[in-house]
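Data first, discussion second: the structure below is written as C-alpha cells.
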Amino acid sequence: MSPNQLPGSGRAPAHTPGHWLLAQLGKKVLRPGGKETTTWLLDHADIAGKNVVEFAPGLGVTAQDILSRLPKSYIGIDRDADAAAHAATRLAGRGEVRVGHADATGLPDDSCDIVVGEAMLSMHTDKLKRDILREAARILTPGGILVSHELLLTPNTLAEEYKTHIRHDLARAIHVNARPLTVHEWSTLAADAGLTMRDHYQTDMALLEPRRLIADEGLGVVTIAKNLVTKPAARSQVLAMRAAFRRHREHLGAIGAIYVK
C-alpha cells in the first residue's frame, strides 16, 4: 500500500490524525514507547504456540513481530478497512486481519490465549476503554493475558485539572482525542473488566525525538527527513506534535502492561 492509500491520506496535514500523518511520511513504528516497549511486552508474553488476537494492528509491524515468535494462530481486528488490508499484506498468509471493533469482535468466549493492543485504548473515552477491556477479558481463556502499550500520565497523584490540560493540548496537536491515564488508573480500569495488572514497563514519550527515531526506524529516518523537507505543511504539523509532547514531557510517558484474566 502506498502512502496515498493509507487512512487519512485525503486530508490536509493540519486535519489528519497524527499517527496516520507520520505513517504517510514513512514512519513505521507508531507506538508511544517505541520498539523498546513492544519488545519488552512480547518478550514477557510467551507467544510460541499460543492463539493471539491483536486489536488495531495498524501498519502490521507488531503483527510481524508476533508471527516471528511462532504463535499457533494470529487474528487482527481493525475497524478501518484500509488499515486492515495494509496489515494483512504483512502476514504472508500466516494469519488474518478482520474488519471489526475491539469492543465487539464477534470472536467466541475463551477463544484466545493472548490479546495484544497498542496505542488504541488511549484514544478512547474511559467508557469505551472499559468496553474494550471487557471484550478482551471475554475472549481470553482463564489465565490468558492482555498485552497493552499505551500513553501514560505521571505521577499517580497528578492533579485532575492538569490531566485535562494535557489531554486538550494533545487533542489539538494530534487530531485525536487522546485520553492517557496514570498507572493506577490503567490498573483500576482493567480490574473493573476482570483483568489484573501483573507487571508493567514505563518509559518516556519520545516518539519524535532523534534518538527514538533512529532506534525505531533505522535508515528509514532518511526517508522521513526527506519527506519533511519537501512537504512543508506536513513538517509544520509534525513540529506542532513534537512541541506538544515536549511541553508535557515531565508528566507524559508510555506504559507497557501485562494483565491477566
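All residue numbers in this chain count up from 1 along the given sequence.
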- Query: If two hydrophobic side chains count as joined below 4.5 Å and joins carry through other members, does Val53 share a cluster with Leu121?
  - Reply: yes
- Task: Look only at the side chain of Arg167 and the backbone of Pro180, and say whether a donor-acceptor pair between them is shorter than 3.5 Å.
- Result: yes
- Between the main-chain N or O of Leu107 and the side-chain N or O of Ser111, is there a donor-acceptor pair closer than 3.5 Å? no
- Item | Polar contact flag, side-chain donor to acceptor under 3.5 angstrom, Glu118-Thr38 | yes
- Applying the 4.5 Å side-chain criterion to the ILVMFWY set and letting contacts propagate, would Leu170 and Val176 be lumped into a single cluster? yes
- Evaluate the side-chain contact (heavy atoms from CB on, under 4.5 Å) criterion for residues Tyr74 and Cys112: first the C-alpha distance (whole Å), next the side-chain angles of each, then the deciding distance (0.1 Å), finally the verdict. CA-CA 9 Å; Tyr74 171 89; Cys112 66; over 6 Å; no
- Item | Residue Asp192 excluded, over 12 heavy atoms near CG under 6.0 Å | yes
- Message: Under 4.5 Å between side-chain heavy atoms, counting indirect links through other Ile/Leu/Val/Met/Phe/Trp/Tyr residues: same cluster for Leu22 and Leu213 or not?
- Response: no
- Shared ILVMFWY cluster between Leu21 and Met205, side chains joined below 4.5 angstrom? yes
- Side-chain ion pair, Lys163 and Glu185, N-O less than 4.0 Å: yes
- For the hydrophobic clusters of this structure (ILVMFWY residues joined by side-chain heavy atoms under 4.5 Å, transitively), does one cluster hold both Leu181 and Leu153? no
- Go through the steps for Arg212 and Asp204 under the test salt bridge (charged side-chain N to carboxylate O under 4.0 Å, His left out), then give the verdict. CA-CA 10 Å; Arg212 179 72 63 75; Asp204 54 346; 3.0 Å; yes
- Under the side-chain contact (heavy atoms from CB on, under 4.5 Å) rule, what do Leu25 and Lys231 come out as? Steps first, then yes or no, please. CA-CA 9 Å; Leu25 294 170; Lys231 300 178 179 181; 4.1 Å; yes
- Query: Can a salt bridge be assigned to the pair Glu217 and Lys28 using a cut-off of 4.0 Å between side-chain N and carboxylate O?
  - Reply: no
- Task: Start with the C-alpha gap between Leu152 and Trp186, add the side-chain angles, then the distance that decides, and say whether side-chain contact (heavy atoms from CB on, under 4.5 Å) holds.
- Result: CA-CA 9 Å; Leu152 177 70; Trp186 281 121; 4.2 Å; yes
- Message: Run the side-chain contact (heavy atoms from CB on, under 4.5 Å) test on Leu208 and Phe245 for me, step by step, so that the C-alpha distance in whole Å, both residues' side-chain angles and the decisive distance to 0.1 Å come before the verdict.
- Response: CA-CA 8 Å; Leu208 297 178; Phe245 298 155; 3.9 Å; yes
- Message: Under a 3.5 Å distance rule, please check whether Arg31 uses its side chain to pair with a backbone N or O of Glu150 as donor and acceptor.
- Response: no
- Message: Check this for me: does any side-chain nitrogen of one of Lys127 and Asp131 sit under 4.0 Å from a carboxylate oxygen of the other?
- Response: yes
- Query: Has Glu96 got more than 12 heavy atoms of other residues, nucleotides or ligands less than 6.0 Å from its CD?
  - Reply: yes
- Asp110 with Lys261: basic N within carboxylate O range, under 4.0 Å: yes
- Hey, is Arg138 close enough to Glu135 for a salt bridge, meaning N to O under 4.0 Å? yes
- Closest heavy-atom contact between Arg94 and Leu67? NH2-O, 2.6 Å
- Task: Identify whether the distance between the nearest side-chain nitrogen and carboxylate oxygen of Asp46 and Lys50 falls below 4.0 Å.
- Result: yes
- Query: For the side chain to side chain contact (heavy atoms under 4.5 Å, CB included) test, which of Thr141, Asp113, Ile114 pairs with Asn51?
  - Reply: Asp113
- Query: Can you find a side-chain donor-acceptor pair between His175 and Gln237 that sits under 3.5 Å?
  - Reply: yes
- Item | His200 vs Ile258 side-chain heavy atoms within contact, under 4.5 Å | no
- Query: Taking Lys27 for the side chain and Gly220 for the main chain, is one N or O donor matched with an acceptor at less than 3.5 Å?
  - Reply: no
- salt bridge (charged side-chain N to carboxylate O under 4.0 Å, His left out) evaluation trace for Arg69 with Asp43: CA-CA 9 Å; Arg69 296 164 188 264; Asp43 283 349; 2.8 Å; yes
- Side-chain donor-acceptor pair present, His248, Glu250, cut-off under 3.5 Å: no
- Message: If we ignore hydrogens and angles and just use 3.5 Å, is the side chain of Asn156 paired with the main-chain N or O of His184 as donor and acceptor?
- Response: yes
- Message: Looking at His149 and Thr37, would you say the former's side chain and the latter's main chain have a donor-acceptor pair under 3.5 Å?
- Response: no
- Derivation of the salt bridge (charged side-chain N to carboxylate O under 4.0 Å, His left out) call for Arg242 and Glu209: CA-CA 8 Å; Arg242 188 178 69 176; Glu209 297 301 328; 5.0 Å; no
- Checking His101 side chain against Arg79 main chain: does a donor-acceptor pair fall under 3.5 Å? no
- Carefully, step by step, assess Asp169 and Arg247 under the rule salt bridge (charged side-chain N to carboxylate O under 4.0 Å, His left out). CA-CA 9 Å; Asp169 202 15; Arg247 277 194 296 276; 2.9 Å; yes
- Backbone N/O of Glu161 and side chain of His165: donor-acceptor pair under 3.5 Å: no
